[in-house]
Amino acid sequence: MFLSDSYVQTGVIRLYVESRLWDDARKVFDEISYVDVVKWNVLMSGLIRCRLGTQALSVFKEMLGFGVEPDEFCLTTALTACAQSGSLWEGKWIHEYVKKRENRLELDVFIGTALVDMYAKCGCLDLAAEVFEGMSKRNVFSWAAMIGSFAVHGRAREAIHCLERMQTDGIRPDGVVLLGVLTACTHAGLVEEGLLLFNNMEGQTYRIVPKHEHYSCVVDLLSRAGRFDEALKLIKRMPMKPLASVWGALLNSCRIHNNVELAELAVKRLLVLEDCDGDEEDAALLQLSNIYFGAQKSEDGHRIRRMIGDRGLKKAPGYSMVEVDGRTTEFVSGDVSHPLHSQIHAILRLLFPGDPDTL
């Protein structure tokens with residue numbers, strides 16, 4: 001009786017999805033005689049929260065196949081799935097869909113922001129900026145998306161300019177926006193600009209108390225520049241306990257600058273943290289062994305490698321994705337199953353003749 005009520009149906013699907021009980025969620029979903037756009041969106045949103053963007057896009061395509069017309073919320077969700085899975089072709093298709101239905105679908109602030117994020121994460125920064133500049137209305141999330149886009153592409157000056165523009169437009173930056181600018185400064189090596197922003201966060205201009213992620217970003221900024229003394233001083237005066245992201249940032253830069261002593265400290269602190277999971281511990285130990293080998297301390301490097309073997313640790317393989325003609329292909333490190341494996345390596349050998357990984 002209750003499951004015949006549309007609101008109850010949506011609530012049950014949401015409950016199963018948020019509990020990651022996909023089979024149960026799908027069973028309830030498939031038993032509903034008429035599935036409205038809200039229920040489709042709930043299913044897609046749950047998949048996205050679990051980092052299953054490709055599956056969420058499959059649900060979106062299934063919805064279109066049933067003739068259900070997506071609303072603004074559903075399109076925003078689908079664009080988020082495109083951004084998460086790197087599906088540029090599908091993202092462009094949704095953009096065109098919105099343009100063709102502009103009499104019924106307005107390029108509102110939510111769809112516009114999702115488009116900016118999608119294009120940037122798919123590597124099309126110019127298209128992201130074009131959409132952003134074409135938006136008739138922008139909120140703090142729109143500015144955060146554009147600043148974050150510049151940040152991941154290493155365009156720190158543009159990110160800083162965006163921060164100035166949004167203040168001119170009368171929109172007050174929040175912590176997410178300032179984190180985006182700090183990240184941009186970190187990627188571009190603009191140490192003084194990043195420090196100036198961080199030190200002024202609590203002032204009259206922003207009135208924002210830095211959170212752990214802001215401290216972590218500035219530790220990364222200083223460490224990449226080799227300013228380890230300042231990074232350690234900042235860690236010591238943090239008003240909260242330094243978590244894995246702080247020590248991980250320090251450790252990453254230790255490898256760049258070949259700082260063995262500080263790397264040992266970072267790993268020691270990482271291994272005793274409650275928030276440090278097994279994967280982070282594995283990565284930290286592997287990183288430390290590589291730093292030892294790089295510093296010609298082979299004995300210590302082999303000792304850590306033996307420890308890794310005794311603990312049964314196994315490094316998760318890296319992977320990358322590339323989209324060609326609307327089809328996304330995933331490449332996993334060490335995998336030779338791709339049908340064009342030989343041809344791909346032949347091209348790589350031409351491009352990088354001295355790289356042993358292409359042999």
With sequence neighbours excluded, residues passing ring pair (Phe, Tyr, Trp, His ring centres under 6.0 Å) with Y215
F198
Could you pull out all residues at least two apart from Y16 that satisfy side chain to side chain contact (heavy atoms under 4.5 Å, CB included)?
V12, L21, D24, A25, V28
N/O donor to acceptor pairs below 3.5 angstrom from side-chain atoms of residues 144-153, sequence neighbours left out:
{"residue": "S149", "atom": "OG", "partner": "A145", "partner atom": "O", "Å": "2.7"}
{"residue": "H153", "atom": "NE2", "partner": "A120", "partner atom": "O", "Å": "3.0"}

Can you list everything that forms a ring pair (Phe, Tyr, Trp, His ring centres under 6.0 Å) with W247? Sequence neighbours excluded, please.
none
Which residue pairs satisfy the side-chain hydrogen bond (donor to acceptor under 3.5 Å, both in side chains) criterion with at least one member in residues 188-197, sequence neighbours excluded?
R157-E193, E192-R227
Applying salt bridge (charged side-chain N to carboxylate O under 4.0 Å, His left out) to E62 and not counting sequence neighbours gives R26
Mind checking what makes side chain to side chain contact (heavy atoms under 4.5 Å, CB included) contact with C124, not counting sequence neighbours?
L88, Y119, L127
Donor-acceptor list for residues 259-268 side chains, cut-off 3.5 Å, not counting sequence neighbours:
{"residue": "N259", "atom": "OD1", "partner": "L262", "partner atom": "N", "Å": "3.0"}
{"residue": "E264", "atom": "OE2", "partner": "Y292", "partner atom": "OH", "Å": "2.4"}

Those residues that, when tested against R51, pass side chain to side chain contact (heavy atoms under 4.5 Å, CB included) (two or more places apart)
Q84
Parallel, tilted or perpendicular for W143 and F132, by the 30°/60° rule?
perpendicular
H187: which residues meet the side chain to side chain contact (heavy atoms under 4.5 Å, CB included) condition with it, sequence neighbours left out?
T183, R224
Answer whether the closest heavy-atom distance between the side chains of L182 and E213 falls below 4.5 Å.
no
Could you pull out all residues at least two apart from F141 that satisfy ring pair (Phe, Tyr, Trp, His ring centres under 6.0 Å)?
none
Could you give all pairs that pass the side-chain hydrogen bond (donor to acceptor under 3.5 Å, both in side chains) test and reach residues 160-176, with sequence neighbours left out?
E133-R165
Taking the side chain as every heavy atom from C-beta outward, state whether I171 and V177 have any pair of such atoms under 4.5 Å apart.
no
